[in-house]
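What follows is a single structure, written as structure tokens, with notes after it.
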Amino acid sequence: MPAAMDPNKITHLTIHCAATPEGRDVKAPTISQWDIAKFGQVSYHHVIELDGTAHRTLRDDQKGAHTGGHNTGNIGICYVGGVTADNKAPKDTRTPAQKATLRRLVNEYRTKFPTIKVLGHRDWPGVAKACPSFDVATAL
């Protein structure tokens with residue numbers, strides 16, 4: 001069971017990719033199963049599938065496991081994809097539907113928490129990965 005998090009103290013929203021190959025239709029429950037196996041809990045608050053469907057996987061008052069050392073007050077959103085079809089290189093593989101859903105979710109959080117900082121996983125100090133495989137600062 002994820003630890004509690006004060007929803008009134010949400011300060012960050014971090015965008016992630018699932019690091020799944022372009023076009024592979026991985027479903028939100030599968031990503032949650034992978035996270036439980038690796039971290040002992042569901043990692044993200046939302047997972048956006050290829051068709052743009054957003055699945056709520058944690059409540060905002062539950063602490064995720066998506067940004068090591070920075071999960072308190074941090075909402076995690078993950079989109080399915082993020083690497084080339086051959087699984088060899090990072091790539092922004094978001095479908096138009098995923099982009100639209102991600103923009104909607106980010107805007108909802110910005111409305112609810114006007115001072116929220118929106119970052120890509122790679123934008124956190126000490127993170128040496130390409131996730132989410134696009135520049136959040138210029139794309140959202």
Side-chain angles (χ1 to χ4, degrees):
M1 180 76 161
M5 185 166 70
D6 185 344
N8 297 314
K9 294 185 178 176
I10 292 173
T11 58
H12 289 82
L13 187 155
T14 303
I15 309 297
H16 301 266
C17 66
T20 55
E22 182 173 19
R24 184 175 297 168
D25 192 17
V26 178
K27 299 299 184 187
T30 299
I31 291 170
S32 292
Q33 289 169 351
W34 293 342
D35 293 340
I36 291 166
K38 187 170 184 179
F39 303 112
Q41 73 164 80
V42 172
S43 292
Y44 309 107
H45 294 83
H46 303 270
V47 174
I48 305 171
E49 295 179 349
L50 295 180
D51 67 358
T53 301
H55 292 272
R56 167 71 79 167
T57 48
L58 288 174
R59 298 184 318 264
D60 289 350
D61 66 348
Q62 293 177 299
K63 185 174 165 183
H66 55 91
T67 307
H70 302 283
N71 289 304
T72 300
N74 190 354
I75 299 295
I77 299 176
C78 177
Y79 75 93
V80 172
V83 296
T84 55
D86 64 8
N87 205 22
K88 293 187 177 179
K91 181 181 179 184
D92 181 0
T93 63
R94 293 173 299 153
T95 64
Q98 285 176 307
K99 288 179 182 181
T101 299
L102 183 56
R103 273 192 304 275
R104 177 182 58 78
L105 286 172
V106 168
N107 287 335
E108 286 174 8
Y109 278 103
R110 283 180 169 154
T111 298
K112 190 172 181 182
F113 305 101
T115 61
I116 200 166
K117 293 180 179 83
V118 180
L119 300 172
H121 189 187
R122 70 184 190 183
D123 300 325
W124 284 92
V127 174
K129 52 176 71 176
C131 178
S133 301
F134 69 93
D135 183 13
V136 168
T138 60
L140 293 174

**Request:** Evaluate the criterion side chain to side chain contact (heavy atoms under 4.5 Å, CB included) for residue pair Cys131 and Trp124; output intermediate values, then yes/no.
**Result:** CA-CA 11 Å; Cys131 178; Trp124 284 92; over 6 Å; no
Does [X] use its side chain to pair, donor to acceptor, with the backbone of [Y] at less than 3.5 Å?
X      : Y      : value
Glu49  : His55  : no
Thr95  : Leu50  : yes
Asp25  : Lys27  : no
Ser43  : Ala65  : yes
Tyr44  : Asp35  : no
Arg104 : Val106 : no
Thr93  : Glu22  : no
Asp123 : Leu119 : no

Mind checking whether [X] and [Y] have side chains closer than 4.5 Å, heavy atoms only?
X      : Y      : value
His16  : Thr67  : yes
Phe134 : Ile15  : yes
His121 : Lys129 : yes
His12  : His70  : no
Ile31  : Thr57  : no

**Item:** Derivation and outcome, side chain to side chain contact (heavy atoms under 4.5 Å, CB included), residues His66 and Ile77
**Value:** CA-CA 9 Å; His66 55 91; Ile77 299 176; over 6 Å; no
**Request:** To the nearest 0.5 Å, tell me how far Thr53 OG1 sits from Gln98 CD.
**Result:**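 Reported to 0.5 Å precision, the distance equals 9.5 Å.
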**Nearest-0.5 Å distance that lies between atom SG in Cys17 and atom CZ in Arg122** =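 Reported to 0.5 Å precision, the distance equals 10.0 Å.
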**Test ring-ring contact (aromatic ring centres under 6.0 Å, His included) applied to His45 and Tyr109, step by step** = CA-CA 12 Å; His45 294 83; Tyr109 278 103; 7.9 Å; no
Looking only at non-hydrogen atoms, find the nearest pair between [X] and [Y] and report the distance.
X     : Y      : answer
Lys88 : Thr84  : N-OG1, 3.2 Å
Ala18 : Val80  : CB-CA, 4.1 Å
Ser32 : Val42  : OG-CG1, 3.8 Å
Thr14 : Gly120 : CG2-C, 4.0 Å

Mind checking whether [X] and [Y] sit in one hydrophobic cluster, side chains of I, L, V, M, F, W, Y counted as touching below 4.5 Å?
X      : Y      : answer
Val47  : Leu13  : no
Val118 : Leu102 : yes
Val127 : Val136 : no

**Asked** Should the heavy atoms of other residues, nucleotides or ligands under 6.0 Å from CZ of Arg56 be counted, would the total exceed 12?
**Response**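 Yes, enclosed.
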**Working for side chain to side chain contact (heavy atoms under 4.5 Å, CB included), residues Asp60 and Ile75** = CA-CA 7 Å; Asp60 289 350; Ile75 299 295; 3.5 Å; yes
